[in-house]
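What follows is one structure encoded as structure tokens, with my remarks underneath.
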Amino acid sequence: MPPNCSQYCRLPASVRLAEAQQKIRVLVARRVLSAEERLELAAWQRAWVAAWRECQYVIAA
């Protein structure tokens with residue numbers, strides 16, 4: 001699971017994006033996921049989307 005926001009959100013969005021993407025790739029490579037792993041995957045996907053949106057906002061500004 002991604003770390004809590006008070007620690008994790010201090011990192012630049014690009015770092016969070018890369019970390020989330022790496023964790024997603026590891027989980028997806030397993031093909032068959034347990035219920036707990038699916039929840040972890042969903043959490044990392046949410047973290048990735050949040051970081052991506054932050055990156056897009058900065059570029060567009």
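Quick caveat, the model's predicted, so the values are computed rather than measured. Heads up: numbering here begins at 1 and tracks the sequence.
When each of Val32, Leu33, Val28 is checked for a side chain to side chain contact (heavy atoms under 4.5 Å, CB included) with Arg30, only Leu33 meets the rule.
In terms of heavy atoms, Leu17 sits closest to Cys55 at CD2-SG, 4.3 Å. Contact record, Trp44 with Ala20: CE3-CA, 3.6 Å, taken as the closest heavy-atom pair.
A distance of 12.5 Å separates CG of Leu41 from CD of Glu36, quoted to the nearest 0.5 Å.
By the neighbour-count criterion of 12 heavy atoms within 6.0 Å, atom CZ of Arg25 is sparsely surrounded, having that number or fewer from other residues, nucleotides or ligands.
With Arg16 contributing its side chain and Leu11 its backbone, the two residues share a donor-acceptor pair below 3.5 Å.
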